[in-house]
Amino acid sequence: MKGKFPIEKFAKVRTPFYYYDTELLRRTLRVINDEARKHDGFCVHYAVKANANPKLLRLIREAGLGADCVSGGEIEAVVKAGFPASKIVYAGVGKSDWEINLGLDQDIFCFNVESIPELHVINELAAAKGKTARVAFRLNPNVGAHTHANITTGLAENKFGIAMRDMETVIAEADSLSNVRFVGLHFHIGSQILDMGDFKALCNRVNELQDQLDAHHIKVEHINVGGGLGVDYEHPNRLPIADFKAYFDTYAKCLKLRPGQTLHFELGRAVVAQCGSLITRTLYIKEGAFKKFAIVDAGFTDLIRPALYQAYHKIENLSSEQPMQAYDVVGPICESTDVFAKQIDLNTAHRGDIIAIRSAGAYGEIMASCYNCRQLPVGYTDEDLL
């Protein structure tokens, strides 16, 4: 089964480009809100690093989600899109002074702090402005996740977060400073996680740490468990919306929140991945010595995930209903890694056929580059093509 696309409208648009199904995005956002609202104190922030297309940001803001930013540029993007400062959190292992100052000037909800040196810089910059910055400490829980090694973030060997053994020390350090206020703990164990057992393991670790803090009469206002929920890249038509019910229910059942605590989530991929597709045209069908190549006009400059992570994306020939044949789908970049898929079955392809590379709404357009002096792909919504 192929996805439903306005292919007659695609024929008039220069490829490659990103196509976003806003109706699917709105449905996804409704499910997120419906499931999160079943549980008291659940607050959802959108992880902007997944996709900062301004049209998508507007829809996400209208749905009431907050924003999780990892750069000053992302803070600027969400402020421009109308996200309230009270719902903006700023994370990242390497915050520069101008970015911290921007967050202070905007009076964002919270800085997720990843080291004591960073804490001191935030305190100094806040003091210079006569402000007090709200901070949460990102702890590295040393919890593994069943996902690609390059997108795990919660192991002791990763660069992210503060070691658990230092938790009480950094909290005490914050209490000794005049221009920061400790408000929460932050965790994130990785991305594209489909095994709810990984999130349960995180809950167990957070429970242990909270018990440790209770013994020292240290109260925490907010717990932030990051995001990480994965999507079904193999079956985007059959399973277009991630399992938000199981995700939120896991935390509701397994995480022991204290009275009055709020629980914050930072979902990115699960919000936008399935609503986006990279649309490209076949330039040539090349008969190799042992295989056929479908050479398309998109390359890893437009979607780098297959080259970077060997990531799988379902690929569909929207122009053909002819019998299936096996192809390597490759791009025009002068690199051998410019391959979207090897030996996959497509309806018989011809020059000019329109190809959809699915589930590309997350870490697609946002990671595009101008390598080989190529133009950045444009992102269109279905509303743009009416």
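What you see below is based on every heavy atom in this structure, not just the backbone, and it leaves out hydrogens, waters and symmetry mates.
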Measure the spacing between [atom1] of [X] and [atom2] of [Y] and express it to the nearest 0.5 Å.
X    : Y    : atom1 : atom2 : result
F137 : L139 : CZ    : CG    : 9.0 Å
T262 : D40  : OG1   : CG    : 11.5 Å
R258 : E221 : CZ    : CD    : 15.0 Å
R134 : H222 : CZ    : NE2   : 8.5 Å
L177 : E124 : CG    : CD    : 9.0 Å
I304 : Y309 : CD1   : OH    : 8.5 Å

| field | Verdict with supporting geometry, V339 and V329, side-chain contact (heavy atoms from CB on, under 4.5 Å) | value | CA-CA 6 Å; V339 177; V329 180; over 6 Å; no
| Step by step, would you call L255 with L263 a side-chain contact (heavy atoms from CB on, under 4.5 Å)? | CA-CA 9 Å; L255 190 63; L263 182 61; 3.5 Å; yes
| message | Set out, in order, the CA-CA distance, both residues' side-chain angles and the distance that settles salt bridge (Lys or Arg N to Asp or Glu O under 4.0 Å) for K55 and D384, then state yes or no. | response | CA-CA 10 Å; K55 296 163 190 171; D384 294 325; 2.8 Å; yes
Check: residues 69-83 side-chain donor-acceptor pairs under 3.5 Å, at least two apart:
from, atom 1, to, atom 2, distance (Å)
S71, OG, G73, N, 3.4
S71, OG, E74, N, 3.0
E74, OE1, V70, N, 2.9
E74, OE2, K49, N, 3.4

Any side-chain donor-acceptor pair under 3.5 Å between [X] and [Y]?
X    : Y    : result
H39  : D249 : yes
K292 : Q325 : yes
E99  : Y90  : yes
E114 : H186 : no
R374 : T301 : yes

Report the relative orientation of the aromatic rings in [X] and [Y]; use parallel for angles under 30°, tilted for 30 to 60°, perpendicular for over 60°.
X    : Y    : result
F248 : F42  : tilted
Y247 : Y251 : perpendicular
F10  : F17  : perpendicular

Between [X] and [Y] (side chain of the first, backbone of the second, donor and acceptor by atom type, cut-off under 3.5 Å), is there such a pair?
X    : Y    : answer
N347 : M324 : no
D166 : I162 : no
T15  : T280 : no
T250 : F199 : no
H45  : E266 : no
D338 : I333 : yes
D243 : A246 : yes
D328 : F293 : no
Q210 : V206 : no
S320 : N317 : no

Can you name the closest pair of heavy atoms from [X] and [Y] and give their distance?
X    : Y    : result
G230 : R269 : CA-CD, 4.4 Å
K95  : G92  : NZ-O, 2.8 Å
D302 : Y18  : O-OH, 2.5 Å
I354 : S319 : N-OG, 2.8 Å
P236 : Q274 : CB-OE1, 3.6 Å
N372 : C334 : OD1-N, 3.4 Å

Any [X] side-chain heavy atom under 4.5 Å of [Y] side chain:
X    : Y    : answer
R61  : K87  : no
L125 : N179 : no
R351 : I285 : no
N224 : L185 : no

| task | Please confirm whether R138 makes a cation-pi placement over F187, using NZ or CZ under 6.0 Å from the six-membered ring centre and within 45° of the ring normal. | result | no
| task | May I ask you to decide whether K129 forms a salt bridge with D105, counting only side-chain N to carboxylate O separations under 4.0 Å? | result | yes
| field | Presence of salt bridge, E321 and K2, under 4.0 angstrom | value | yes
| field | CA sep, side-chain torsions, deciding dist, call: R305, E365, salt bridge (Lys or Arg N to Asp or Glu O under 4.0 Å) | value | CA-CA 11 Å; R305 294 186 71 252; E365 181 184 358; over 6 Å; no
In terms of hydrophobic clustering (I, L, V, M, F, W, Y; side-chain heavy atoms under 4.5 Å; direct or indirect links), are [X] and [Y] co-clustered?
X    : Y    : value
V231 : L229 : no
L376 : I366 : no
I241 : L59  : yes

| request: Check the pair F182, V220 against side-chain contact (heavy atoms from CB on, under 4.5 Å), reporting the backbone distance first and the verdict last. | output: CA-CA 8 Å; F182 167 66; V220 182; 4.0 Å; yes
Look at atom [atom1] of [X] and say whether more than 12 heavy atoms of other residues, nucleotides or ligands are closer to it than 6.0 Å.
X    : atom1 : value
K131 : NZ    : yes
K291 : NZ    : yes
Y284 : OH    : no
K219 : NZ    : no
Q375 : CD    : no
K256 : NZ    : no

| request: Among R358, H313, E316, find the residue that satisfies the side-chain hydrogen bond (donor to acceptor under 3.5 Å, both in side chains) test when tested with S277. | output: R358
| request: Dump the intermediate steps for side-chain contact (heavy atoms from CB on, under 4.5 Å) on I355 and L278, then the final yes or no. | output: CA-CA 8 Å; I355 306 294; L278 177 60; over 6 Å; no
| task | State yes or no: are the ring centers of F109 and H264 separated by less than 6.0 Å? | result | yes
| Test salt bridge (Lys or Arg N to Asp or Glu O under 4.0 Å) applied to E23 and R26, step by step | CA-CA 5 Å; E23 192 276 330; R26 288 187 173 97; over 6 Å; no
